[in-house]
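Written out below as structure tokens is the structure these notes cover.
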Amino acid sequence: MTITDFDLVLFGGTGDLAMRKLLPALYARDRAGDLPDTARILCLGRDKKSQEDFRALIEEKARPHITANSLESAAWVRFCARIAYVTLDASQADSYQALKAALRGSGEINHIFYLATPPSLFSTICKNLQANGLATPHSRVVLEKPLGRDLASAKEINAQVGRVFTESQIFRIDHYLGKEAVQNLLALRFGNILFEPLWRREWISDVQITIAEELGVGGRFGYYDNSGALRDMLQNHLLQLLCIVAMEPPVSNSGDAVRDEKLKVLRSLKRFTPTTLGLNVVRGQYRGGHVDGVAVPGYRKEADANPESRTETFVALKAEIDTWRWAGVPFYLRTGKRMADSLAEIVVRFKSVPHSIFAQNNSHSAPNCVVIRLQPDEGLHMNLMAKMPGDGMRLKPVELELDFREKFKAARMDAYERLLLDVLRGQLTLFMRSDELEAAWEWIEPVLDHWDHQDSDPFPYNAGTWGPAAANALIGRDGLQWREEALPEL
Ligand code: BG6
């Protein structure tokens, strides 16, 4: 699909996301020759700034996020020439005249409005765009998370944005869906026949999805304390990964075909009740500790922290999907800040062989596993049993490894590069539809309610560990454990 000429408008154009991710991603695609020659980027901010001042800001804040080997001075100069700064107070309808004047008339040109702002502004911005005649059939709107903080607020956002733009014009970003390994999971499942017959309850024992970060919330306390791990990571990133692991084969790779299947998964998740919640959901909060040998403060002692905060920085839960394919297969999800390692992976563990013909005392048997590693290095690992060399049938687990970076030497694309390209092409597959977003909130809502009414703290865990002991007990009750041993370096 080709990219039609466009004016991309970045609300929050001086903010952290624009500087760290969006402008570097657009630069990378420009350098690769993906952007039409005349395409432009309008960065919006409230402060009055000259073009020179804004250019200096990009040099200072965005350029350092471009890797040295992709920074090419001619390409950078050409990219910067596409960018203009426009002063705008997003909450004031009359302020949009300046934007209108800066935009090229729509028609053959697509207008893409990227809302990298707090969600409290989404509705106002959309209304103001409409009032100024800027919401046309040639416009698209991109929404950054958090997309609500519960079901009601998500519905409100959907309704208000939906009054101005049609669903096919709305791109709700979940940057995990843009990651290379997530795309590869789709390729693994639906580009091969090998796994499909086994990808079901008869052969799979359990699935684990972990996104662990060594980072704390330093500097983002204000945002994070109002959110917590459940809203910040689980409601979106982890549930999206779960959907891709669990969905039925879609009829095509089109936006609605894939999103229809993901929606079915979300709607089939077993609802928590007050009783099952206590057993199946664990929240934790980090205390001080050591990460990579460096002493770090506890959550309540971070800069600007609330010393009595009960916000969770870790959550682990056991989910079940009530369908013929997955009934009875536990999906363990876990995410946390200040963990022992930074990694994101999906582990699909198969059942043990029904009867072993090899002497158990000589063999160390382990069930087959498929591990899709999203980060730090993207790859696919499979555990198989193999015979050890020499006399006698002594078996040992061995790993087959596929390192995507090694295998495909081509330059990598950051998640934002891929997602921005899809926005520019109008390809919706990797973006959440309104009903998906609401189904995800609906499922976690009982957990949010339960925690709101609990008069207790999250379980403490030391920074630099794998979370509270209760998370081990959660999976241990099923006779399992989290896969924590580091995979070999690729
Ligand atoms: C964001 C969360 O959505 O994802 C952050 O708000 C988190 O808290 C980040 O650190 C993790 O993304 P990645 O791509 O670095 O794993």
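Bear in mind the structure is a predicted one, so any value in this text is a computation, not a measurement. One-based numbering, in listed order, for ligands and for the atoms of each.
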Open item on the list: Among all the protein's non-hydrogen atoms, which is closest to atom 10 (O) of ligand 1, and how far away is it?
Closed with: Glu213 OE2, 2.5 Å
TODO: Can you pull out the closest protein heavy atom to atom 15 (O) of ligand 1? Residue, atom name and distance to 0.1 Å, please.
DONE: Gln375 NE2, 4.3 Å
Open item on the list: Is it the case that the side chains of Ser153 and Glu156 hold a donor-acceptor pair, with the cut-off being a distance below 3.5 Å and no angle test?
Closed with: no
In ligand 1, which numbered atoms sit nearer than 4.0 Å to a non-hydrogen atom of [X]?
{"X": "Arg220", "result": "5 (C), 6 (O), 8 (O)"}
{"X": "Lys337", "result": "5 (C), 7 (C), 8 (O), 10 (O)"}
{"X": "Lys145", "result": "1 (C), 2 (C), 3 (O), 6 (O)"}
{"X": "Lys179", "result": "13 (P), 14 (O), 16 (O)"}
{"X": "Asp232", "result": "2 (C), 5 (C), 6 (O), 8 (O)"}

Between [Y] and [X], is the closest basic N to carboxylate O distance under 4.0 Å?
{"X": "Arg78", "Y": "Asp30", "value": "yes"}
{"X": "Glu436", "Y": "Arg172", "value": "no"}
{"X": "Glu378", "Y": "Lys179", "value": "no"}
{"X": "Lys264", "Y": "Glu248", "value": "no"}
{"X": "Asp457", "Y": "Arg300", "value": "yes"}

Open item on the list: Just to be sure I read this right, does ligand 1 sit under 4.0 Å from the backbone of Tyr176, its side chain, both, or neither, counting only heavy atoms?
Closed with: side chain
TODO: Answer yes or no for Lys407 and Phe404: cation-pi contact, defined as NZ/CZ to six-membered ring centre under 6.0 Å and angle to ring axis within 45°.
DONE: no
- [ ] Consider every N or O of His175 and every N or O of ligand 1, then say whether any pair is closer than 3.5 Å.
- [x] yes
